[in-house]
Enquirer: 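Have a look at this one before I ask anything.
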Amino acid sequence: MKLTVIGCGYLGATHAACMAELGHEVLGLDSDVDKVHALNTGKAPFHERDLDDLLARHTASGRLRFTTSYAEAAAFGDLHFIGVGTPQQPGAHAYDLSHLLTAVRQLAPHLTRRAVVTVKSTVPVGTAPRVRDLLHEYAPAGHAVEVAWNPEFLRESCAVEDTIRPDRLVLGFEREGSWAEAVLRECFERIIEAGTPTIATDWATAELAKTSANAFLATKISFINAIAEVCEVSGADVTQLAEILGHDVRIGRAGMWPGLGFGGGCLPKDIRGFMARAGELGVGGALTILREVDAINNRRRERVIDLAREQLDGNLMGRRITVWGAAFKPETDDIRDSPALAVAQKLHDLGVTVTVTDPKGLDNARKAHSELDYIEDPMAAVENADLLLHLTEWPQYSQIDPHRLATRMTDPKVIDGRGTLDARCWREAGWTFRALGRP
Ligand code: UGA
C-alpha cells in the first residue's frame, strides 16, 4: 500500500520505517527540515536500536522517503497515519493537542479524494470526533474522509520490535464494517496473520486503551516503590520482594522493577493528562489514585537527595557528586523527564558540583542542562568525587569493577538508585553502600 506518516519523532519515524519493512511504500512528513534531511539520508535524529538499519535499507530501496509538504503527502496515498507529539500543557496537567490539530488542519485542505486518517498519538478520550469534524469541515472530499484510531504501545529502546511484533493491535472506528476498517486490516495484514490479538472497537475505547495502559504501568511501578519506602524503615529488601511477588502470575514481575521511578515523554504526562480529562468529564474522583502514583514517583527523587545528604554528613554545599545516567532509561538518548537528570539538577541547585555520564544521553543533556559537567568515561567521571549516584540501568555501569573504581575516590561512597549493584561486592571493595529500598 502507499501510505503516509505525519510527525516523525520517536513514534512516527519508527512507524514509517516499520511500515516500509512490512512491504508498504511510505512517505513520512515532518515540519522540521533538518529532521527530514537526516531521515532521508537513512539516519534517525535520535538513538533507537535497529532503526538506523531500517531507515538506511528502505530509503536506499526507494520504499521510504520523507518530506515537509502536506500537498505531496495527500497526493501520495489514501491512508495517513498521524503520530505527532501530544505533550503536557505548560503549567497544567492537560494534554497540549495543538500539534495534532495543526497537522489535521494542514492536511485537510489537500484531501480531494476518499482517504483514511488514522491517529496514533496519545490523546484525551473524546478527541476523535474533534478530528473528524475538522476533516469534514476543511477537506474538499468532506465526509469521504474517514477517521480511525490506532494507539501505539511501543517502548523506546525496543520500538522497532514492538512495532513489527506488537503484543496487540487496537483499531478504533466510528462504526463497524467501515471502509477505514478494511483499509487498516489490509495495512496490518502481516501483523494480523502472525496471530497478533487484534481488537476492533469504537473510538473512545481505542483512545482509552492507551491512557489506561500507561496509567496501569505507572501504578505498578509506584506500587513497588511505595513498598520500597516501607522496606527502607523495616530493613527489608524490595528487589527480593518484587521477585517474590512476581512469581504470582496474577501480579507478574515485568514492569515492576523498583528504583528511582518512571520518567520519559509518556508515563508522567499520560497519568496527568488522564486525570485532567477525567476531571473535565466529571469523574475526577475515579482517578485520584494517579495523584498518589505521581507523588510516590516524585518522592523517589527526593529520597535520593536525602540519602546523599546523609552520606555527606548533612552538608551538600560545595561537595562533588557524580551521577551515572542522563537518559530516562537505558538504550535511549531521550532525556525527557529523566529521573537521573532531575536529581542531578536539584543537587546542582543545592550547591553541589555535579558531573554526569551516560553512554548516549550526554548531547541532549548538555543542551538542556548546560550548568552540569559532563564526562563520557564513567571511571574518569568519579575522579575526586565525594559520592557516586548510580541512577541508570545501562548494564555496562553495573558491570564496572568496584575495586578498580574505588581507587579513584578518597572515601568511596555510593547510592544505588536502580537496585542493580551487588551490595556485598561493593562493600567488600571498600565502598559505603546505600540503596533505595534495600538495607
Ligand atoms: C511507555 C510504555 O511502556 C509503552 O507501552 C508506551 O507505548 C509508551 O510509554 C508511550 O506512551 O509511548 P516508555 O516511556 O518508552 O514506554 O518506557 P518504559 O519502558 O515503559 O519505561 C518508563 C519509565 O519507567 C522509565 O523511566 C523506566 O526506567 C521506568 N520503569 C519501567 C521502572 O522504574 N520500573 C519498571 O519496572 C519499568
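The first residue of the sequence shown is numbered 1, and numbering continues consecutively from there.
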Enquirer: Side-chain donor-acceptor pair under 3.5 Å between D349 and Q345, yes or no?
Expert: yes

Enquirer: Is it the case that the side chains of H348 and E371 hold a donor-acceptor pair, with the cut-off being a distance below 3.5 Å and no angle test?
Expert: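 No.
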
Enquirer: Under 4.0 Å between a Lys/Arg side-chain N and an Asp/Glu carboxylate O for D337 and R301?
Expert: yes

Enquirer: State, with a plain yes or no, whether a side-chain heavy atom of P151 is found less than 4.5 Å away from one of T122.
Expert: no

Enquirer: So do the side chains of T211 and V125 get within less than 4.5 Å of each other, counting heavy atoms only?
Expert: no

Enquirer: Take the angle between the ring planes of Y10 and F46 and call it parallel below 30°, perpendicular above 60°, tilted in between.
Expert: tilted

Enquirer: Do E393 and E331 have side chains that approach each other closer than 4.5 Å (heavy atoms only, starting at C-beta)?
Expert: no

Enquirer: List the residues meeting salt bridge (Lys or Arg N to Asp or Glu O under 4.0 Å) with R424, not counting sequence neighbours, and say none if there are none.
Expert: E428

Enquirer: Check whether any side-chain heavy atom of I305 sits under 4.5 Å from a side-chain heavy atom of V343, and report yes or no.
Expert: yes

Enquirer: Under a 4.0 Å N-O cut-off, is there an ion pair linking E302 with R299?
Expert: no

Enquirer: Evaluate the side-chain proximity of F262 to L217: yes if any heavy-atom separation is below 4.5 Å, no if none is.
Expert: no

Enquirer: I need the minimum non-hydrogen distance between S338 and A326, along with the two atoms involved.
Expert: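 Scanning both residues, the minimum pair turns out to be OG-O, 2.7 Å.
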
